[in-house]
Each structure stands twice: as structure tokens, then as C-alpha cells.
Amino acid sequence: MSLAVRPERSWYLPFGHLAPDGELAAGEPPRNLPPLSSPALAPLRALLADPQVPKAGHNVNYDWLVLRRHGVELAGVVYDSMLASFVLDPARRSHGLAELARERLEIEMQTYASVVGRGPGGRGGRGEQPFAEVPVAVAARYCCASSEVVLRLRDAFRPELEDHQLFRLLDTIEVPLIPVLVDMEWHGVLVDREVLGQISRQFARELGELEQAIYRAAGTDFNINSTPQLRHILFEKLQLPALKKTKTGASTDFEVLEQLAALGHEVPRLLIEYRELAKLKSTYVDALPGYVNPATGRIHTSFNQAGAATGRLSSSEPNLQNIPVRTPRGEAIRRAFVAAPGWRLLTADYSQIELRLLAHLSGDPAFLHAFAEGGDIHRQTAAIIFGVSQDEVTPDMRARAKTINFATIYGQGPFALSRQLGITQEEATEFIKQYFTRFQGVRAWLDRTVAQARDQGYVETLFGRRRYVPQLKDKNFNIRAFGERTATNSPLQGSAADLIKLAMIGIDRALRERGLATRMLLQVHDELVFEVPESEQEDATGLVKSHMESAATLRVPLVVSIGVGRNWVDAKG
DNA sequence: CTGCTTTTT
DNA sequence: ATTGTAAAAAGCAGA
């Protein structure tokens, strides 16, 4: 039996194609399907009638969750066409089955829309019938075709996966990660709606006051959220200088408003605060409660496994990887993420993982030594580039060192660095030069990596995850410069993604083996969030820390900082 | 519906 | 001739 529950599937569930040992068996799709009215198929009828509307976009683990809601646990899954496509070329626009079939097999697949008889009006539009009411012969044909395509794609991908040595990545990281993500989404995270409600009322008050103050200062009412209207007020009515341009006109972004405010203008000063409040209120405070599942009382995000070109995960509906924390108001929102009664949140953060990977990959002696010593890496960097002892490093020196460390990871040039540090471009150029005379191994690695990317067309991570960088061949300087940043940043960001994925798989297995109730809830790129019974605090802390720190053996130690608390803020530090 | 702008991680 | 990785989401403007 094979079964499709969603259009544009990455893989279709080839039950009939899974041999007992978990190996996929090739062959004809099953022909004589029982009628859907057969009592044996009651769970499948329920499944097909699942009111859950397929979400926009693709997600590898969607089917696992739908099946689990109906009591069907998947096991022995060894392959996923979406992930195969993702490791072959993570930057491609889509890893959807129909597109892959078109490109790799020259097969034009029947669309889901035509199967459900969807007319104009799109999803749920006129003429659409629930999948459960599609005649079984039609559905079977469609589903079996999909299963068949997944299997044929597996053969089509195999030589390239072997040639590029990507099976290890696929088989030891990406495929084993699927059930871990399924569990995380299944558990969901608890938010305190009371807290969000209070914040909402508070923000509404402040927003109302700011709105009036802005109208007063501007001398007129207007739609503050409309960029064109705001441009008119700032740059025409108030005659403020346009400091930066976008494609369509004068920019009104934070940087511009900040500079205008520094010139002593009231409106931009108020706008900065208005923007912060408006953003936090609409995107988080007021939106998050709508994502609470009535059945579980928790928020179940989607972790998208084939989304980010570097190999990172992404999170959507809602995005729980960009919950505010930077400002006091942001922190208040994060405090609404809580543990259930009797439980605690545990957060585990990789310390400076990308800089450590830079040290490892470049082998730069100064960086290796600094990390071996332990301590504050930005302070150590400052001591090295300013030629003073660590005790003599001032807060300003440390801040500059921190900025240039990040600038290096991001491939930033003198222009951007000068703006960020508030120095001239010449000073920034000099500063960067100084930095690289002290860290020559880093300079050499950056150059080597770009050159390699130019030669072979791609860069790769610790675990062989590739990213192609065709921009390096572009005749446009800016596109090439972008390509260089991609080439140097992707191995760092992507290797960090490999490491945390590996740690997640190990932690998930260890928690099961030890029979602990602790569960992984969230991943935020270099951080994992768990919900832990009070009684398991010590066990979980040790287990998580040791698995994360030993995810790989590098030329520098991997260090993980762990905290426990009743909410996400208190669990940090 | 798509593109632009902004914000957060 | 510009100059910071990777993302998701929200509000708005203009089709």
C-alpha cells in the first residue's frame, strides 16, 4: 500500500516497498488494492480525512506527524528524495518531487490539484474534493506513481551521491535526524498566554502614546507603517537629509533613523521605539497565542530540514528560531516560553562554535592557542591585535575585537566594518590588515577556500556537505564578492549545522536508552532547548553537555554552556 | 498574489 | 561600484 496525504510530497510512503530489514525493494507498485471501505483500512480512512490542511512549502517530516496522529509509527525508513536532493545541491530552489522528476527523469507527474479536481481559487477552491473522496483507483494511481518516482529518483541520484561521497552525510546525519525533528514538533513548547496577554496590553498602551507623539512631532497624522508615507514626512515635510537609498527611494531603516535622531530630531527618535514595539507586538505577542494547539495547549513549530543552503534548519509556523531576546521588551516575550509544572527548561549553547571551527579549519596557531587556553576569546583576540596583555584590554578594545572576529566569519570588508565600528574606511582597512598579520593562518584559509571554490565550483563542510558557488564566475564584481563571502562563511556555518545535528541524534538516542523523560523541544542553530523533569536535571545536564561537546573531535575543544530555569530567559546562563 | 521594507534570530 | 552568513514573518503598496 502506498499512500499520499499531501501534494508536492518529497517522498511518498512506500509501505509496500519497505522490506522487513528496512531496505527498499524495487519493483512494481502494488496493483490490487483493497477497497477503501474495507474495515482493515479504517485507520487510513481516518488519516485521509485528516482535516489538517497541508502547509505551504515542503517539509520532510510532515507525513510522519500525520501518521502519528493516527497511531502509525514509521520505522526502518532509509531514504528520502527531498534530503537526497538537499545534500546534492542545498541551494536549489525546490526539492519537491515533481520538479525532481521533471529534471532527472523527464517525467511529468500528475498534479495533486488535478487529482482532487481543484478548479480556480487554489487550495480549497471550487471543485476541490477531500482526498478521502477521490475514487480509490484514481488515488492509487497517483500515489503509486509517486512511490515509483521516489524509487526511480533513488537510482538516478545514487551515482552522484556515491561520486560526491554524500551517502555518509545522508545516512548518518540527515535521515536519522528526521525522527528527532518529528518528536520535537510533536512535543511542542509551552507558552504562558497570561504573560503574553499582559505584555500585549502594555505594548498597546505604549504604542498608542508613541503614535500620538509622532503625529504631534510630525504635525500631521499618517500611516506610520507605510514606508512611502513615512518617506514623505521625513524627507519632504520635515526636510531631513536622505542618508541612504533603496531601489525605490530614500531608506527609512534603523541606521538612518538613528543618525537622524542623533542630529536632534524628535520624529526619528520616536520612530525607533515605535518600530520596536510594533514589530514585537504584531509578530510575537499577538501572533504566538494563535499557534497554540487547542488539543495540547502547546506551540508546534515546523522544522524545515531542506530549507537553508548552508545546511542549517529553519523553523516556521511559527518561526521559533527568532524569538526576541536582545532588548528588555524582547526578553519579556522570551520569558513567556516556560516549562510545564514540575518541569524545567534546559538550554545548551555551543560557545563560539563558528570561531572554533575557523580555528580548526584554518589551523591558525594564535587561535588554536587561545582556544586551548580557554577563557574569553574576544578578550584574547584583542590582546593579540592590540599587542597588550589580557589585563590591559579595555571594554572598547574587546568590543572591536569581537566585531572583527564576526566580520571575519561573515567575510565582511572595510566598508561595512568602518560603519559598524564608527571609524573611517581607511582605519578599518588598517585594522583588518593588522588583524590578519596576527592571524595569518586565517588569512591563508580564507584565500585557500575561495580559490578552491573557484577551481572546483563548491565548498564543503566537515562532513562533506557541499555548497556550489557559481557566483564566483560572474562578471559582476558585487556578485563575485557575494560569492566569496558565501564560500568562506558556508563551511563555518554549515559545519556548525552538521555538528549540532549529530549531537541531536546522539542525545535523542541516549535519552531513550537511559529511559529519561527529558525531551528536546527546540534547536536555534547553536542552541538546544529541552524540557526536563525536576528529578532529571543533573542527569540531563551531563548527558546533553557530553554529547554536544564530543559531537566531533576538533583541534580545539568544543565548549557547551548549560542553564536551567522555569522560562527560556532564566534557563540561559 | 508579488515585491519591498523591516525586524528578529 | 558597493560592501554582513543564513533564515521567516509581518505590513504595506500596487497590480
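Values in this document were obtained by computation on a predicted structure and should not be read as measured data. Every chain is numbered from 1, with letters handed out A, B, ... down the list of sequences.
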With a non-hydrogen cut-off below 4.0 angstrom, is A:R485 in contact with a base, only sugar-phosphate, or nothing?
-> sugar-phosphate

Residue A:T252, side-chain atoms from C-beta onward, closest of B:dT5, C:dA6, C:dA9 | B:dT5

Indicate, with a heavy-atom threshold strictly under 4.0 Å, whether A:A278 touches base, sugar-phosphate, or nothing.
-> nothing

Name the closest nucleotide to the A:R275 side chain, picking from B:dT6, B:dT8, C:dA7.
-> B:dT6

Among the candidates B:dT8, C:dA10, C:dT5, find the nucleotide nearest to the side-chain atoms of A:A287.
-> C:dA10

Nearest-nucleotide 5' precedence on DNA chain C, A:N489 against A:N225 | A:N489

Could you check whether A:S315 gets within reach of a base, just the sugar-phosphate, or nothing at all, counting any heavy atom under 4.0 Å?
-> sugar-phosphate

Out of C:dA6, C:dC12, B:dT6, minimum distance to the side chain of A:Q493 belongs to C:dA6

Is the number of heavy atoms from other residues, nucleotides or ligands within 6.0 Å of NZ (A:K402) greater than 12?
-> no

For A:A481, which contact category applies under a 4.0 Å heavy-atom criterion: base, sugar-phosphate, or nothing?
-> nothing

Starting from the C-alpha separation in whole Å, work towards a yes-or-no answer on side chain to side chain contact (heavy atoms under 4.5 Å, CB included) for A:R329 and A:K281.
-> CA-CA 10 Å; A:R329 289 186 181 110; A:K281 185 168 187 292; over 6 Å; no

CD of A:E354 versus C1' of C:dA6: gap in Å, rounded?
-> 9 Å

Which listed nucleotide (B:dT9, C:dA6, C:dA10) is nearest to the side chain of A:V325?
-> B:dT9

Residue pair A:S314 / A:N304, side-chain donor-acceptor N/O under 3.5 Å | yes

What integer distance in Å separates A:L288:CG from C:dA10:C1'?
-> 13 Å

Determine the Euclidean distance between corresponding C1' atoms of B:dT8 and C:dT3; express it in Å to zero decimal places.
-> 22 Å

Between C:dG4, C:dA8, B:dT8, which nucleotide gets closest to the side-chain atoms of A:S314?
-> C:dA8

Sugar-phosphate, base or nothing in reach of A:S490, heavy atoms under 4.0 Å | nothing

Testing C:dA6, B:dT6, C:dA7 for proximity to the side chain of A:R467, the answer is C:dA6

How would you label the contact of A:I323 with the nucleic acid (heavy atoms, under 4.0 Å): base, sugar-phosphate, or nothing?
-> sugar-phosphate

Are A:Q321 and A:Q523 linked by a side-chain donor-acceptor pair shorter than 3.5 Å?
-> yes

Looking only at C:dA13, C:dG11, B:dT5, the nucleotide nearest the A:Q229 side chain is C:dA13

B:dT2 and C:dT5: how far apart are their C1' atoms, nearest whole angstrom?
-> 26 Å

Residue pair A:L320 / A:L288, side-chain heavy-atom distance below 4.5 Å = yes

Contact under 4.0 Å: A:R231 side-chain N or O vs B:dT5 OP1/OP2 = yes

